[in-house]
Structures are given as C-alpha cells and as structure tokens.
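Chain naming here is simple, since letters A, B, ... match the order of the sequence lines and numbering starts at 1 in each. Please read these numbers as outputs of a predicted model, since none were measured by experiment. These values consider heavy atoms only, across backbone and side chains, with no hydrogens, waters or symmetry-generated copies.
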Amino acid sequence: MLFTSFRFAVAFPLILIIYYLLPRRNWQVVFLVIVGMLMYGIENWQFFLLLSFSAVFTGVTSYLASQPERPTRRGWLVTGVVTSLIILIFFKYKGLIFSSLAPLNFLPKDWTSAHQVCAAILLLPLPVGISFYTFHAISLLVDAHRRPGILGFDRMARVSFPEHFLKTFLYITFFPQLVAGPIVKGASFYPQISPKKWRDIPWIPAARALIWGYFLKMVIADNLQELTAPLDGKWHSSPADACWAMMLGYSAQIFADFAGYSLIALGLAKLLGYELPQNFNMPYISASFSDFWRRWHMSLSLWLREYLYYPLGGNRKGRLRTYFNLMIVMFLGGLWHGPAWRFAIWGLWHGAALACEKMLKDFAERHPDLLFSKLIEAVRTPLFKPLRVLFVFSFITVGWLFFRLESTAQVWEFLGKLLDHGPSGCSAVHTLTYIFFFMVILFHFLKDPALGINLRELYFLGYSATPLLLGMMIQGFQYLTMSRSKTLSLIVWLVILLYYALASPLGLGLRGNDDARHKFEAYIGRIEPYLLGVLLFLIFFSPGKQNAFIYFQF
Amino acid sequence: MHLFISNSSHRYFAKVFGVFLLLSWATSAILMRMIPSHPWMIKDKQYMLFWKDSVIERYIREYRSKPIVITGSSICQEIPPEGLRPTNVATIYLFGSGGQMGLELMDRIGAAPKIVLVEATMLLQGVDQDLLDEELRPWTLWWHRIFPAFSKEMRPTNLYCKWAYGIPQLDTPRPATKADILSWVARYPDCAEPDPTKMEQALAKTRHAADHLRSRGSRVIFFTPLSPELMKRPYFIKLFATLRAGLQDYEWLPTNTDKSYYWTDGIHFYSKSGYRFFVHLMKTIGADSSGVVPNLPDPDNI
C-alpha cells in the first residue's frame, strides 16, 4: 500500500489506535505482523506466500545458526544465506540471466517457444521489496551466527524459538520498511521489540520526519516525475536546454523520492515506537565519492560494507585488492538495484570513482614530495570544497543517466545532446524542473530533518550555494522571459566566480564562531513549527500526480 | 492510555496546524479574489498533468448551471473554444479518455442537464476509473469546497503553466497546411478493426450511463466531428455502424460532410473552426432556436 495513497491515510490512524488500545501489550507484535502481511498481500497477493516463506525460513535458520552448542550452525547459516540468494536471483535476475545467455548459444534458439515453462517463469513479475527483505534476512542470519548475543542469544539468557520466530516475522514484515527500506540490522531492531505505550510516542520527531518526507515525495518527486518523463525514450527531439533540465531534474527527483520515502518510513516507525536508521544525510553536498556513499542510502552502504566489502578483505589485502574490492562491491550494489546491465554499469561508474579517489589518496600519501601529490593535497583543503562538491555532484548526476536511460548507448547520445548548440527550447515545464531542483538544493541547506540542523554545513552551504542559486535563478528568469542574453549570462557567472574567489577565505575564517552558531540554532528551533506548517500547506497545495516510489521496483 | 500528547507538543502542533490553516485559508481567499481580474487563472490551456482532473473538478463545481453539456475526448476541447463558450454550456473534454467517462461522471454526481452531446469517436477509450473515484470521493469534494486553493486547477505548477502559455487567441489563422491528417489516416490502416471486446464493454457502459441520464430527463445525442477523409476509413465505418446499432434508440447527428470546417489535423479543431462546428451543432439540435443558447455570434463575424 502506497504511503501517499488515500487508503493508507485512512488506514494508518486506525492501525495506530488499535495498536495502542490492544488489551495485552504482547499482542502488539502479532498485530504488527498481521498488518504488515495484509498491507503487502492486498496489492501483492501473488507473492504473499513468498514473503511468508522467507520470514518462516529466516526465522528457523537464524535460530538454528545462533545456537552456540550446535555443530551444524555454520551449515544452517550457509543454507539460509544461499536459499535467500537463490530466491532473490530467481525472481529478480531470471530475465537478465536468460537474455544474457541466449546470444551465447547456451540455450536452444527457440527455447522460449519450445519450453513454455521457461517462458512462463520469465513472465513472473518481480515481487515488490524482495531485494530489501532478502537483505534483511541475510543480515539477520550472519549476525545470528557471528554474534548471537546481540540478538538476545547467549548462554545466560536463552530466547525461546517461538519468541525468536515471532520477532523475526516482525523484523521481515515490519511495514514501514518492508518494501523499500531502510535496511535495518537485526542487532538494532530486536532490542526494540517490546511493549509500546502511547505516552512514549515521540510526536515532534515523528511529525518532523513525516512532514519532510511527504513534502519531498509529493511536492518535489511527484512533480518532477512528470517533468522528467521524456527520459523514457522521448528526449531525442528535445533541445539541449531541455536535456539539461531533465538531467538535473532526475537527479533531484531520485533523491527526493527515496529520501522522502525513507523519512516517511522513519516517521511511521517512530509512531509505532521503533527507531529506524537514517538513510540520507544531504548527499548532494558530498565533497568526495566516499563521502557521498556515507550520505546516500546509508543503510545499503553499511550493509554492503559489512556483509560484502569486509568479507572480501576490505582494505586489508593490499592496494590493488582494495581497488578491486571497491569495484566488485559497487558492481554488485548496482546490480542489486535492478535486473539490467545498465544498473551494473552505474555501479561500476561509482566503483571506478571510489577506486580512483582511493588511488589518488594513496599516491599522495606514498609520495608526499611530488608536485602532483601537493596538488592533490591542495585540492583537498576546505578552500576547494565548493569545487569538489560541484564536481562530485556533476559526476553523480551524469551517473544517474545510466540508471534512468534504457541503454549505455543512449547515455552517450544524451551527453552529446547536452553539448548541442541548437536553438533554445526551454519551456515553462523546464523552468518548473529548475524550480524543483532548486528546492532540493535548498533542502540540503538543512541537516537531515530527523537529526536537526547542522550549522557548520548550513553556513558552508549558505556561503557557497547562495550565489550559485542566484545565478541559476537569473538564468531561469531569462528562459522565462525568453530574452536569453549571452552577455548577461557571462556577467552573472563572472560575478559568481569573483564571489567565490573573495568570499572563500573570508567565509572559512568566520565559520568557527560558536556563539553566533548557538544563537542561530535556537532561532531555527523556534521557527521550525512554522516552517513545518508551511511544508504541510505545500503538501496539499502543490502535490504532483501520485506515483509509486522509484525504489519499489528494486 | 494517555489520549493526549504533552503540553509542549500541544503548543508545537498548534503552531504547525495554525500556519497550515492560515495559509490554506489566505491562499484560497486570495486566489478566488484574483480570478475575476486574472482570467488566465481559469483558462483552459494548462499543465497537461492536471488538465483532465481540472476539467472534471470544474464540471463538478458548476454542473448545476450548465443545461448543455458536450462531452468527449480532446477532440471536444475547442467545441466551443473558451471565450466563446456560452455560460450555460459545459465542455467535458478528457484527454486520452472519451465520452464514456464524461457520461459516467454526470451519472455519478447526479447531474441532469437538458441536452448532453456525446462525441462518440473515442468511446472505446474507456474510463479512468481511479481518477473519477479520486475526484468524487466525499473527502475530496468537501476539502475542495472548504479550501478551493487545493483544487488541481489552482496548483502552483498549473497556474505557472497557465500564466507562461499566454492567452490563446481566437483569431489564430487557419494552419497553412492540413497538418497531420495523413498521420491520422496512417493510424487507421485498411486492416485495422475496432476491438470487439472493448466495443462491447463501451456499449454496455455508455448505455448504462446514458439510460440513467435519460431517466432524469436529459436528451442524450451522439455525434462525431471527424473529417470526411477519416470517416471513410474502414475502421471508423465499422466502429460507427456498431455504435449506431448498439445505441439505436438514441439520437445520432448526421456525419459531417462539410469540408469547410477546418481541422488542425483532421480530427482536432482550432479555435475558430471549433466555434463554427459548435454553432452547427446547436443549429442541428435546435438549441439556438429553442432559446437554450440564444444569440450566438455569427462564426463569420468573430
């Protein structure tokens, strides 16, 4: 059930009231399991059994894998992980595997018509949320085997099988995070499973997360969804200006969509008495690629690091192996997003960036006296942070094209189109795209709403992004009035460059003023409810068409 | 169970909802006050995303004062064009859908116009049921009544597009070429046939809604404004033969044979030709002489 649907808006308050009115508190877990299964089953009834199987199987295998005295516990771990992966591969990658093998003549040429069972299997749709609940299952199995204590298993206090089974069912089917995360580790979720009381609800943080989440999803992502729709193969006839708008628009859309969903999930979980991990932390102001992956889809990054990168050896097996590990982890991470090679290429795009970044850092550390190393170190100083942010953002935005367009060839064609010097074709729709893009950038002025405001970042953004925004707005105004003047553009961008040249050292000097920071923080705290009121108004005043969350398909 | 949240939370949420209500009320009041002096705010041409929704919302708001309704697909947009649309005429033009959806809308809200003209060309397009359900939900109707700013027509993206697109001109000259009539002809090759299942469903649903309207006293009339070239296509010959047979107890206007109506593409009108066709429709059904839409300006003098 979509969190932005009317049905959910009606159902959730009822769920909440019943949840807290249950006469026996330990029924709450059972109630949440039933609600999670029902919500999933109503719209995905074909895969209801698959989800149930996954939950039951994970419950059993994780229990057996957690028993320290069992000699077969490693076997249960392997069984659980392999089975989960087989299910994921079968349902998600069957099409990709068949279509990739077909040209290699491994399969008979007429295998689809000759083998109707194969064809029927290929037509099975992708179960919603399978990537997420499989990763939950794997995380639980590994943790149960490695450190049973953190799930409540140890020699002193044994958890009974029914209790663990029920908890696992809740862990897998907890509806705020069932279909699109965040990916929660069992170690942080299981200790939270306890009776919940109405008076303990953190109303303000929950409202903050929900309002920001719905704002990002309904006002920004849903509006941008339509504005970037031509990227579905209809962009070929668009002029360069329109392509720029669509590319930036998609970059903003995918952030707003997923960050919005994650915040809604966080808010709903808070109302039910659970804390889910943060998933986004202003990713588009990252000054490096590793920084980006610490801020973007944080729960996935953590999962990949803990259950893939470290087991592969991490950075402990030499430099070359580290670069290789980064590439392979990002390749698989990319493929996790979708059953198509373009997702894998997107992963490699990021893997290559991470590996290069690490390579440059290693080089500078190993040869500190070389001019090139000094140059690298100079670029890493705060003075160049705005430029690094701009570079990382541009690289990531181009990377999203692999994610969105149908093939790699289209990406190159699209990039060529961006440099096209054809006539301007920017319309009202593209100006709107820029406006929503600016809103996403403005969102980055504030620290992730569930965490509060970070003035250091705020100051940095205030000083670095304001002139940039102003410049872009002037450009937007020019599009709007159709009076595109190259001289005016040149002057605007020269002024911006001058600003950075002069204001950077000044800004860096002023940033450390603690007193001003505290005053400002208190001020922001006072205006926050009014800001949320405005956002709530915008959710009703300016939503786009209701769309499913992008990450549901993964 | 503590039913109430803490005092500090009370104050916090009072501020949140206070701002929300104040802004909602003020924006609604300002927008409604602006409309008379800024007619572009409610002009037809708008952001494609909300066009269909806006047309539906507008009809729900005004249906009691519209005894004549023309409903159909995008073909009807200019029948008649805005600016020349008499105040008692509503045009429910639904992009990507057709007359069937307009009929269902009228049926579900209990409208009883005197005359309903159904453009039958796109009857097979079906009904966007989700959209109708969304627009006719009691909560939505109530919400839009309390805060008109929350209607889709008033969304900032839509208002911005309306403003940016400019006011359409009625005296737009006829396009130099008969634009894309060949592309429409190509869409209906000789071998193309209407889908029998869709046709059966469309007939059943159309009849159901039309019967209801007739029982409320409405005169339901079917017509098509297709150009003579397109009407010769086997697809349309078969389609209209079936539709006429299935709805034979309803009035059908004769097929248009007058080539003096100018089309942009053989299927859609441009403003002036749309008005000419509208006058022709009104004359054919006797609406102008019966006084329902009197004093229509002469198409040649506008």
Side-chain angles (χ1 to χ4, degrees), chain A residues 5-7 9-10 17 19-23 197-208 210-211 219 222-227 229 426-433 435-436 479-482 525-547, chain B residues 1-28 31 45-53 128 130-131 133-135 137-140 143-144 146-152 154-166:
Chain A
S5 68
F6 182 74
R7 267 201 297 185
V10 174
I17 291 168
Y19 177 70
Y20 284 106
L21 275 177
L22 286 171
K197 292 174 188 155
W198 179 272
R199 65 167 172 265
D200 296 335
I201 297 177
W203 288 103
I204 295 175
R208 195 185 283 147
L210 284 172
I211 292 176
V219 178
D222 282 354
N223 274 304
L224 280 170
Q225 164 75 24
E226 294 302 319
L227 301 169
C426 214
S427 66
V429 167
H430 300 124
T431 312
L432 277 176
T433 312
I435 291 171
F436 287 112
Y479 282 125
L480 204 70
T481 53
M482 300 301 164
R526 278 200 301 278
I527 64 163
E528 189 191 54
Y530 303 108
L531 174 67
L532 290 186
V534 174
L535 294 182
L536 189 62
F537 164 73
L538 287 174
I539 291 169
F540 285 94
F541 185 43
S542 190
K545 279 266 183 196
Q546 192 187 86
N547 288 299
Chain B
M1 187 169 89
H2 294 255
L3 280 177
F4 299 104
I5 53 181
S6 71
N7 279 339
S8 61
S9 301
H10 270 145
R11 279 195 293 277
Y12 189 91
F13 285 109
K15 286 174 190 167
V16 173
F17 288 109
V19 169
F20 168 73
L21 288 173
L22 189 71
L23 278 175
S24 308
W25 173 80
T27 312
S28 295
L31 287 176
K45 188 154 190 211
Q46 53 193 300
Y47 186 26
M48 200 63 195
L49 185 60
F50 302 121
W51 210 326
K52 203 151 77 172
D53 316 47
D128 184 345
D130 289 344
L131 177 61
D133 291 345
E134 186 190 326
E135 291 299 339
R137 207 180 278 142
W139 151 261
T140 314
W143 192 234
H144 289 172
I146 306 278
F147 297 120
F150 294 155
S151 67
K152 287 180 183 156
M154 291 295 128
R155 292 210 173 149
T157 41
N158 201 18
L159 286 179
Y160 171 73
C161 285
K162 278 171 183 269
W163 174 74
Y165 290 156

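For OH of Tyr530(A), the number of neighbouring non-hydrogen atoms (other residues, nucleotides, ligands) closer than 6.0 Å is 12 at most. Counting non-hydrogen atoms of neighbouring residues, nucleotides and ligands closer than 6.0 angstrom, the CH2 atom of Trp25(B) reaches no more than 12 such neighbours. The environment of CZ in Arg7(A) is sparse: at most 12 heavy-atom neighbours from other residues, nucleotides or ligands sit within 6.0 Å.
Note that CD1 of Ile204(A) and CZ of Arg11(B) are 9.5 Å apart. Values are rounded to the nearest 0.5 Å. A distance of 15.0 Å separates CZ of Phe537(A) from CZ of Phe17(B), quoted to the nearest 0.5 Å.
Listed options Leu532(A), Leu538(A), Val534(A), Leu536(A) were ranked by heavy-atom pairs under 4.5 angstrom with chain B; first place goes to Leu536(A).
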Practice task
May I have the step-by-step check of ring pair (Phe, Tyr, Trp, His ring centres under 6.0 Å) for Phe540(A) and Phe147(B), ending in yes or no?
Solution key: CA-CA 10 Å; Phe540(A) 285 94; Phe147(B) 297 120; 8.9 Å; no
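Contact of the Val19(B) side chain with the Pro529(A) side chain is not registered, since no non-hydrogen atoms from C-beta on lie closer than 4.5 Å. Here the side chains of Phe541(A) and Leu31(B) are in contact, with some heavy-atom distance below 4.5 Å.
When heavy atoms are compared at a cutoff of 4.5 Å, Asp53(B) approaches chain A solely by way of its side chain, counted from C-beta outward. For Thr27(B), the part lying near chain A is the side chain, with the backbone staying farther off; criterion is any non-hydrogen pair under 4.5 Å. Interface residue Ile211(A): only side-chain heavy atoms are found under 4.5 Å from chain B.
The two atoms that bring Gly544(A) and Phe50(B) nearest to each other are CA-CZ, 4.3 Å, heavy atoms only.
Partners of Glu226(A) according to the side-chain hydrogen bond (donor to acceptor under 3.5 Å, both in side chains) rule, which considers only residues two or more places apart in sequence or in another chain, do not exist here.
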